[in-house]
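First up is the structure itself, then whatever we jot down about it.
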Amino acid sequence: MKMFSVAHKTAFVVDHCPYMAESSRQQVECDVLTKSRAQGVIPLAPVSKSLWTCAVECSMEYCRILYDVYPLNKLINYIVSDSEFHILNTWRQEDQSTHELMSALAAVGPPNPREDPECCSVLHGLVAAVESLCKLTELQHEQRTVLMDTAERVANRGRIICLTNAKSDTHVRMLEDCIQETLMDQNKLAAGSDRLMAIQQCELVLVHIFPMGEDALVSDRPKKEISPLLTSEVHSVRAGRHLATKLNILVQQHFDLASTTITNIPMKPTLNVCEQEEQHANTSANYDVELLHHRDAHLEFFKSGDLHMAGSTSRDSGLKETVTLKWCTPRTNSVELHYCTGAYRISPTDVNSRPSSCLTNFLLNGTQAPGRSVLLEQPRKSGSKVISHMLSSHGGEIFLHVLNSTRSTLEDPPSISEGCGGRVTDYRITDFGEFMRENRLTPVAETAPNPGGRFPADRAKAQLERYTRYWPMIISQTTIFNMQAVVPLANLIVKEALSEEDVLTCQKTVYNLVDMERKNDPLPISTVGSRGKGPKRDEQYRIMWNELETLVKTHAAGSERHQRVLDCIVACRSKPPEEEERKKRGRKREDREERPDKNGTKEPEDRAWQDSERLKGALEKEEQESEVIKDSPDSPEPLNKKPRLAIEEVQPSEKAKGPVSLLALWTNRITVANSRKHQEFAGRTSSVNNKAELYQHLKDDNGMDVHENGKASR
Amino acid sequence: MPTVVVMDVSLSMTRPVSLESSEEFQRKNLAVHGLTMLFEHMAANYRLEFTSLVAFSSLWELLVPFTRDYNTLQEALSNLEDYDKTCIESALNGVSNVVQQEWGSSCPCQVVLVTDGSLGIGKGSLRHSLQTLKQRADDKKFPLPFPFPTKMFIMCVANSEELQTTDAMDNLEELLRLSGGDGQIFTMEGQLCLKSVQAMFGRLIDQAYSPFHAVLHCGNLSSDVQVFPRPEPVVVDDEVDPMPRVVNTEAEDVSTGAAEEPEEEVSASQMAGKSPNFCVLLHGSLKVEGMVALVQLGPDWYGMLYSQADSKKKSNLMMSLFEPGPEPLPWLGKVAHLGPISEAAENPYGEDDSKSPFPVQPSIKRSYAQNVTVWIKASGLQTDVQKILRNARKLPEKTQTFYKELNRLRKAALAFGFRELLKGVGDLLERECTLLPDSAHPDAAFQLSHAAKQLRLASAGDSQYAAFDQNIAPMHTDFSS
């Protein structure tokens, strides 16, 4: 259905003239006497509804079904007509509820039989309906604003359902002519207005209601075109049950609905909660409940043409078709994901009948949050059981789900372990689970303040970006994320804004690490797979500090406080406690000192970690090329050794001296700041330790081993 | 999307292709060559798709049922025999049967019809079929359009000049139009030879069988993925939004909610699996945590990722596409309005995961969840009246329920303009009052006559007593002393 088909706007025009106060002559016995009390009591005379009451309650039923199945964007404008018109609501979404309409109808009250019939007519209402159809709905307004230049794609179509008691076919024709005229007039008016839209298509459905036992003065007429703008159809129906059936059929036609009857609903004690009062009805009968829903839920039946095989039956003298599906007693494990191809809202035809309310309450209540679900099967003559649908509630709404009942093209998928990365076994599955938990989503009220004018989902994505700036996927790729001591810092640094307290916590974490280093505590560096005992203790700490710095550096640009955490790390790690150790290790430290500086010369911060990632990637590639399988306990653990080796080989000599002075630190920062002001030489950006290799392609051609330089030049 | 290859094995397919070179080819050989190329391509890039092979002349035969085993298809292709004349209608009937039996009528399917453009003669020829289109009995309807969504590709082992000499092209175009218009007719360019048949099938492959590669992002983590079956463009509303929506190849993972609706499958392929891959990590964690991840496929188009396991040990990452739109699952609310939990004052999932912000409740309850009053059937009205009477007899214990039911009836009667009912129920209550046994609590009589009086006042239509939002309050009595 198009967004702006005739179904978008429906104007109900209900006749409120004196003759509608007439009785429908259908009597309802509401005083049902039980046998024990029958003696000596005179039963109350049966009551009968007026034509007005019949019209109103059937139109309300039409609205109820519509709102159940389409809570949005299928709008009703309810108009009552006597000596003038009364518009009971607007096209606005908040006015679309049966409660609102009932309240307005109560204010109007029944027609006044003593009013002068001469000045009363349904025409007032019909004219008002055409005028109303010219008015923009919220959706039309919104779409016109969105489409801007192509706003003419927003169409204006509508339907008028008129419930009246017409005098004759001539009278009907007069009404039609009058609507046609009003249409032309209103369209002229709309052409010159911004707030009105011309009507492109209008469908008039005129329902003539007459009391039981009278002859119809108006004849039925199928849809016919009165003008290119207007089509009209006439239904002549007796008040009461017939009118209800008629409107039920109309709502199905107008909104593409179809009917499903759930059969064999068992009467179980668990189902009997809804009506303790009516215990007399506690028989073991199986109930049937009829539901209406979008007809796409039956698509499979329509297409394969086995509507009848699926148990379709015609009722009410062939006017109505329903597909019968059998209730399957629910199983307890409802957390299964079914192969579902569609979900459609439902509305019970007979909403407050006992079987209906038992079914809906069963589905709604269940075990609260996910609601209960019931599988439905097609009754087939042969013994095979085909489950084709499922009823389930989500948040107080019941949906008919369509399940795939034939072979699926998705069957027998290959295992993910057969694909890329499938043979790696030390993924940080638990950590990523924790990560997902922290990044879960929650509905945010639209009225909530919207920092930066972004949607909540954009903020969620921004958070994902921050949380993943440095996130090694496998355990053997990381040290810091295997250390409990780092957790407070790692959790805080990803935040968009840090408080003073957060900075303090981070600093404490760093001091704590310094302390660990001084005490020479062991680090959880994976020694599995490394030759011998793995890297020495001080080497382990160097790796750990490097990694920590990489993590924090990706966030340092976020705020001054983030920067302070980085500063703290840089400052702390550059002051190893033991002087001689420092001297001995001078060269090593130089290289980690040098790395931030090198990274700093390269554009913004996030590039830096990517580069280091790339370096890592290149190193890993080396590993793979040398046929190292990580998971084998006998193979060396290359990650911890190789970076050092690779970097050490090309140590810049002029910097290989003693500890770094304050001056050196300061100069570095200034250099970094200056370097941002000009574009870096291509050679330097792709260099390793400030050395760019020339004629790399020659090297490649010679089949020599490839490291970062070679890769970058490709 | 499954494929049915429909191969013409009529005698005309054995016509030799005049070639200068030494070897003599039949059109059939060229067709087989092209199909071999297609099968090889699919085996390499589309090995999760199902394909079947149907051969037809005046009759049709299912040579290979739907399979992922391209060797079997290849083998069947090399064992084709030659039969009589071309009858496309019967072949299409066959396709319709084969597909519906296997996949039902909602699974979209591609049909590759390989023929030589000589479409039969006399009865059963395509020309005859199309001419008699409108004069069919219900049980002998032309099989097109198929009940399932179809993409029809017609591969003509003939060049367009040749086809233009007869009405073959017109008939084929009509066939394509009847199938729903989605698809294409391919003809050979230039001379009929191996090269040009390769070129023709190459165009088909580019058009319909190019693998769908995408990148899955989760912040800075990402992974290249291939999606089976290929997500097809969707037209949401051809009036307001006539451009088809296409899945962005940069899919963005927006983390988790909870939902359901399988449809598509992601599967990484090629290259040995030694370097870590984000998909595997994501899959593992989704499986362990029992979560699903929301994924954005384009503007206002979403889907979800989750671990899907078949009955065996194997599991893989699946992607289900939702209907395009800002609010595909009403119980999640608008997807753009899902924000990170870190923004919430307190964790909406609870510290111990004991609660959930989902499902989102609709602002207005549905009729079946709000105890509406419908009196269309007499029984509905009778039940409501009897409910009031039952409670009336148990006054004063049931005072609350009595008034609740009474007010419900009163509201509905006022809205429906059913004043006669208000008066009638008033009378009934009055009668109940007279029938009260001597043992009854005195309050019962007071409440009954109070309620009856109020109903009568309302039935008179006096605005003071007939206001919709007003309720009849229990009469204040004090029998405690």
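Quick note on labels: first sequence line is chain A, next is B, and so on, each numbered from 1. Remember, predicted model here, so these are calculated numbers, not experimental data. Only this structure's heavy atoms are used, side chains among them; waters, hydrogens and symmetry mates stay out.
Neither the backbone nor the side chain of S356(A) comes within contact range of chain B; no heavy atoms are under 4.5 Å apart. Neither the backbone nor the side chain of F146(B) comes within contact range of chain A, judged by heavy atoms closer than 4.5 Å. Only the backbone of P46(A) comes within less than 4.5 Å of a heavy atom of chain B; no side-chain atom from C-beta onward does. If you measure heavy-atom distances from K423(B) to chain A, you find no contacts under 4.5 Å at all. Looking at V385(B), the atoms closer than 4.5 Å to chain A (heavy atoms on both sides) all sit in the side chain, from C-beta outward. With a threshold of 4.5 angstrom between heavy atoms, E102(B) approaches chain A through its backbone and through its side chain. In this structure, chain A has a heavy atom under 4.5 Å from the side chain of P348(B), while its backbone stays farther away. Heavy-atom distances place the side chain of I364(B), and not its backbone, under 4.5 Å from chain A.
Looking at heavy atoms from C-beta onward, F416(B) lies in side-chain contact with M102(A) at the 4.5 angstrom threshold. Contact annotation: the side chain of F418(B) never approaches that of E57(A) to less than 4.5 Å [non-hydrogen atoms, C-beta and beyond]. Side-chain contact between E61(A) and I376(B) is present, with heavy atoms from C-beta onward closer than 4.5 Å.
Between W331(B) and F399(A), the gap from one ring centroid to the other is short of 6.0 Å.
For the atom pair CD (Q370(B)) and OG (S97(A)), the distance works out to 8.0 Å, reported to the nearest 0.5 Å.
Looking at Y427(A), its side chain never comes within 3.5 Å of a backbone N or O of S285(B) through a donor-acceptor pair. At distances below 3.5 Å, at least one donor-acceptor pair connects side-chain atoms of D68(A) with backbone N or O atoms of S367(B). In this structure a side-chain-to-backbone donor-acceptor pair under 3.5 Å is missing from S415(A) to K314(B).
Counting heavy-atom pairs under 4.5 Å between each of V288(B), L428(B), T434(B), N371(B) and chain A puts L428(B) at the top. Note on T373(B), L414(B), I341(B): by heavy-atom pairs under 4.5 Å with chain A, the leading option is I341(B). Chosen from A467(B), G424(B), A412(B), the residue pairing most often with chain A at heavy-atom distances under 4.5 Å is G424(B). Chosen from P71(A), G109(A), S50(A), the residue pairing most often with chain B at heavy-atom distances under 4.5 Å is P71(A).
Geometrically, R440(A) engages Y349(B) in a cation-pi contact defined by less than 6.0 Å to the ring centre and at most 45° from the axis.
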